[in-house]
Amino acid sequence: MKQGRHRISLSDLPGLMEVYSSLRERFGHRDWWPGDTPFEIIVGAILTQNTAWKNVEKAIANLKREKVLSVAAMRRIPQDHLAELIRSSGYFNQKAIKLKAFISFLDEHYSGSIAKMAKAPLETLRHHLLEVKGIGPETADSILLYALNKPIFVIDAYTKRLLQRHHYFDKEPTYHEAQEFFERNLPANLDLFNDYHAQIVAVGHHYCKPKPRCEGCPLEHLPHRSE
DNA sequence: CTCCCGGTGA
DNA sequence: TCACCTGGAG
């Protein structure tokens with residue numbers, strides 16, 4: 001680890017593309033965010049808020065079994081019934097409201113059509129999505145990238161932690177700071193943005209946890225704090 | 001900052 | 001038992 005009297009500066013650190021290569025070499029290309037339709041991915045993005053994906057899978061399965069995983073069906077189903085189906089994802093009452101809020105948003109702005117929505121420009125879409133109650137920056141960007149194939153870099157808790165622990169930031173960056181950092185230092189490539197976020201989630205899940213487990217981490221060789 | 005809330009794995 | 005989970009609102 002490169003150290004001296006001086007604080008580690010950006011120029012001492014590997015570029016983001018090298019970081020990506022190290023992760024990718026370890027984890028392989030991730031088949032991130034499986035989903036049969038864009039709508040299923042959007043629903044997953046809302047349900048997975050502060051919730052382990054495992055618990056979301058059950059909820060999605062319930063929605064499929066009850067044939068509620070379409071815009072029309074979700075518009076029709078009563079909110080309390082919807083809440084029961086997604087119980088396993090936690091915060092089920094709030095999330096039922098959020099799903100309904102998204103449907104209303106879709107109806108108002110895009111005549112209830114995901115396809116029409118997908119044609120809107122990224123910035124317009126992001127601005128509109130953030131107006132929806134229950135959709136914050138991470139959920140909005142996940143929808144944009146994974147459901148609508150817009151080239152935007154998704155930031156999550158793992159990402160901010162990684163940037164701080166590996167000295168790209170002194171303190172934990174804000175969402176916008178982290179996003180700007182990635183987008184300024186990487187080509188705006190859809191598959192790269194897609195897979196990079198997936199790689200970060202993988203390293204965050206296995207190594208860069210709240211309590212770091214640096215042994216064997218694919219990024220162990222680059223400067224880091226193990227706190 | 002606190003609250004929302006269920007499941008999972010250590 | 002308990003921390004954590006592919007956050008967001010008030």
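Every value quoted in this text rests on a predicted model; they were computed, and no experiment measured them. Chain naming here is simple, since letters A, B, ... match the order of the sequence lines and numbering starts at 1 in each. FYI, side chains are in, hydrogens and waters are out, and symmetry mates aren't considered; it's all heavy atoms of this structure.
Under the stacking criterion of a centre-to-centre distance below 5.5 angstrom and an interplanar angle below 30°, A:Y91 is not stacked against the six-membered ring of B:dC4.
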Check against side chain to side chain contact (heavy atoms under 4.5 Å, CB included), A:N55 and A:L47 = CA-CA 9 Å; A:N55 302 326; A:L47 294 186; over 6 Å; no
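Comparing C:dT6 with B:dC1, their P atoms are spaced 22 Å from each other, to the whole Å. Taking the P atom of each, C:dG8 and B:dG7 are spaced 22 Å apart, rounded to whole Å. Rounded to whole Å, the separation between the P atoms of B:dC5 and C:dT1 comes to 22 Å. For the P atoms, the distance from C:dA3 to B:dC3 is 16 Å, rounded to whole Å.
Every stem involving DNA chain C, taken as at least 3 paired positions in a row under the Watson-Crick or G-U wobble test at 3.5 Å, is listed here: B:1-4 with C:7-10, B:6-10 with C:1-5.
At whole-Å resolution of the value, NZ in A:K209 and P in C:dC5 are 7 Å apart.
When the side-chain contact (heavy atoms from CB on, under 4.5 Å) test is applied to A:E18, the partners found at least two apart in sequence or on another chain are A:P14. Considering only residues two or more places apart in sequence or on other chains, A:P34 meets the side-chain contact (heavy atoms from CB on, under 4.5 Å) condition with none of them. Scanning for side-chain contact (heavy atoms from CB on, under 4.5 Å) contacts around A:R26 gives A:Y207, A:P218, with sequence neighbours left out. For A:R65, there are no salt bridge (Lys or Arg N to Asp or Glu O under 4.0 Å) partners two or more places apart in sequence or in a different chain.
Taking 4.5 Å as the limit, every side-chain heavy atom of A:K160 sits out of range of all side-chain heavy atoms of A:Q164. A:Y91 places none of its side-chain heavy atoms less than 4.5 Å from the side chain of A:K98. When side chains are defined from C-beta on, A:I77 counts as touching A:K100, because their heavy atoms get closer than 4.5 Å.
Here ring pair (Phe, Tyr, Trp, His ring centres under 6.0 Å) pairs that include residues 56-90 of chain A, with residues two or more places apart or in two chains, number zero.
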Residues 118-135 of chain A, side-chain donor-acceptor partners within the protein, below 3.5 Å, at least two apart:
from   : atom 1 : to     : atom 2 : distance (Å)
A:R126 : NE     : A:D141 : OD1    : 2.7
A:R126 : NH2    : A:D141 : OD2    : 3.0
A:H128 : ND1    : A:Y110 : OH     : 3.4

Identify every side-chain donor-acceptor pair in residues 188-203 of chain A under 3.5 Å, counting partners at least two apart or on other chains, and give the distances.
from   : atom 1 : to     : atom 2 : distance (Å)
A:N189 : OD1    : A:D191 : N      : 3.0
A:N189 : OD1    : A:L192 : N      : 2.9
A:D191 : OD1    : A:H29  : NE2    : 3.2
A:D195 : OD1    : A:R30  : N      : 2.9
A:D195 : OD2    : A:Y20  : OH     : 2.5
A:D195 : OD2    : A:Q199 : NE2    : 3.0
A:Y196 : OH     : A:L16  : O      : 2.6
A:H197 : ND1    : A:V154 : O      : 3.3
A:Q199 : NE2    : A:G28  : O      : 2.7

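Within residues 152-161 of chain A, no residue approaches DNA chain B, by heavy-atom distance under 4.0 Å. Proximity of residues 176-204 of chain A to DNA chain B (heavy atom under 4.0 angstrom from any strand atom) is not detected for any residue.
Inspection of the A:S104 and A:D107 side chains reveals no N or O donor paired with an N or O acceptor under 3.5 Å. A donor atom on one side chain and an acceptor atom on the other are found under 3.5 Å apart for A:K95 and A:T51.
Cluster annotation: A:L163 is connected to A:L222 through the hydrophobic network of ILVMFWY side chains, with a link wherever side-chain heavy atoms come within less than 4.5 Å.
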Extract from the structure each pairing of a protein N or O with an N or O of nucleotides 8-10 of chain B at less than 3.5 Å, listing the distance.
from  : atom 1 : to    : atom 2 : distance (Å)
B:dT8 : OP1    : A:K58 : NZ     : 3.1

Under 3.5 Å, N/O pairs linking protein and nucleotides 8-10 of chain C:
from   : atom 1 : to     : atom 2 : distance (Å)
C:dG8  : OP1    : A:G136 : N      : 2.9
C:dG8  : OP1    : A:G136 : O      : 3.1
C:dG8  : OP1    : A:E138 : N      : 3.4
C:dG8  : OP1    : A:T139 : N      : 2.9
C:dG8  : OP1    : A:T139 : OG1    : 2.8
C:dA9  : OP1    : A:G134 : N      : 2.9
C:dG10 : OP1    : A:K133 : NZ     : 2.7

